[in-house]
Enquirer: 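Take a look at this one; I'll ask things after.
On a predicted model such as this, the values are computed, not experimentally measured, just so you know.
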Amino acid sequence: MTANRTYESVEVGTELPARTFPVTRAALVQYAGASGDFNPIHWNERFAREVGLPDVIAHGMFTMAEAIRVVTDWVGDPGAVVEYGVRFTKPVVVPDDDKGATVEVSGKVAVKLDDNLVRVDLTAMSEGKKVLGMSRAVVRLA
């Protein structure tokens, strides 16, 4: 695949289309199976509360993966992401109901770098709280 965005077509401040991602207990169980992370804070409400959490929480890496989808969808090629990092600031609390939680992600081009690279800064929120801090991706555009 090749990035479908060109370096010339974006400017600092270009906003990426925002997305909202649902997070359900079923999704957490599926992610646990795929990742091998079966920590009970991600599926056992009793255990999560015993260790001081408000409820079951989403895996940090699951949240991180959902957030970068805003960038990969925008650029059209997951391989265009050359660097990605976040700070985990707040957990995504996932209630045991039919709705679960949501993570709202927005992004914008923060810096144009050399060699057709841009840095995209992401904002990820759940229940009005920032769940990822310093969420940044460097992407190679066409």
Side-chain angles (χ1 to χ4, degrees), residues 1-5 7 9-142:
M1 296 180 78
T2 303
N4 63 16
R5 300 277 171 196
Y7 184 78
S9 71
V10 299
E11 298 298 329
V12 170
T14 298
E15 294 189 13
L16 283 62
R19 299 251 336 247
T20 299
F21 300 99
V23 185
T24 63
R25 296 269 179 105
L28 298 183
V29 171
Q30 290 170 333
Y31 181 82
S35 69
D37 181 353
F38 293 102
N39 187 323
I41 64 172
H42 303 304
W43 57 270
N44 184 316
E45 183 176 337
R46 179 184 47 78
F47 184 85
R49 291 184 188 278
E50 284 175 1
V51 298
L53 295 168
D55 205 333
V56 164
I57 63 170
H59 304 74
M61 297 301 283
F62 174 87
T63 306
M64 187 178 177
E66 292 290 75
I68 196 64
R69 289 175 58 193
V70 167
V71 176
T72 59
D73 288 352
W74 174 73
V75 77
D77 178 8
V81 177
V82 297
E83 185 178 317
Y84 179 45
V86 305
R87 241 185 232 155
F88 301 107
T89 55
K90 298 278 184 203
V92 175
V93 178
V94 183
D96 187 15
D97 60 20
D98 293 336
K99 292 171 40 175
T102 57
V103 177
E104 300 89 26
V105 183
S106 60
K108 73 166 114 178
V109 175
V111 179
K112 289 183 83 169
L113 305 163
D114 292 334
D115 200 24
N116 286 11
L117 297 171
V118 297
R119 190 186 86 211
V120 176
D121 291 352
L122 296 167
T123 301
M125 308 284 290
S126 184
E127 295 185 12
K129 298 175 187 161
K130 193 179 222 184
V131 295
L132 298 176
M134 299 295 290
S135 183
R136 297 177 172 172
V138 176
V139 183
R140 184 175 314 281
L141 302 180

Enquirer: With a cut-off of 3.5 Å and sequence neighbours excluded, list every side-chain donor-acceptor pair involving residues 26-35.
Expert:
{"from": "Ser35", "atom 1": "OG", "to": "Tyr31", "atom 2": "O", "distance (Å)": "2.9"}
{"from": "Ser35", "atom 1": "OG", "to": "Asp37", "atom 2": "N", "distance (Å)": "3.1"}

Enquirer: Tell me the ring-ring contact (aromatic ring centres under 6.0 Å, His included) pairs involving residues 119-142, sequence neighbours left out?
Expert: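 Sorted pair list comes back empty.
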Enquirer: Let me confirm one number: the CD1-OG1 distance from Ile57 to Thr63, rounded to the nearest 0.5 Å.
Expert: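 Result: 8.5 Å between the selected atoms.
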Enquirer: Sequence neighbours excluded, which residues qualify as salt bridge (charged side-chain N to carboxylate O under 4.0 Å, His left out) partners of Arg87?
Expert: none
Enquirer: Please list, chain by chain and in numerical order, all residues satisfying side chain to side chain contact (heavy atoms under 4.5 Å, CB included) with Pro40, sequence neighbours excluded.
Expert: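 Pro40 satisfies side chain to side chain contact (heavy atoms under 4.5 Å, CB included) with Trp43, Asn44, Phe47 only.
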Enquirer: Give me each pair satisfying side-chain hydrogen bond (donor to acceptor under 3.5 Å, both in side chains) with a member in residues 14-28, each pair once, sequence neighbours excluded.
Expert: Arg19-Asp73, Arg25-Asp55
Enquirer: Please collect all ring-ring contact (aromatic ring centres under 6.0 Å, His included) contacts where either partner lies in residues 66-122, sequence neighbours excluded, each pair once.
Expert: none
Enquirer: Quick one: salt bridge (charged side-chain N to carboxylate O under 4.0 Å, His left out) partners of Glu66, sequence neighbours excluded?
Expert: Arg69
Enquirer: By salt bridge (charged side-chain N to carboxylate O under 4.0 Å, His left out), which residues pair with Asp115, not counting sequence neighbours?
Expert: Arg140
Enquirer: Identify all side-chain donor-acceptor contacts of residues 128-139 below 3.5 Å with residues at least two apart in sequence or on another chain.
Expert:
none

Enquirer: With Glu104, which residues qualify under salt bridge (charged side-chain N to carboxylate O under 4.0 Å, His left out), at least two apart?
Expert: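 Expected list: none.
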Enquirer: Identify, with sequence neighbours excluded, every residue that meets ring pair (Phe, Tyr, Trp, His ring centres under 6.0 Å) alongside His42.
Expert: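 Here the qualifying residues are His59.
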Enquirer: Got a sec, which residues hit side chain to side chain contact (heavy atoms under 4.5 Å, CB included) with Pro78, two or more places apart in sequence or on another chain?
Expert: Met1, Thr72
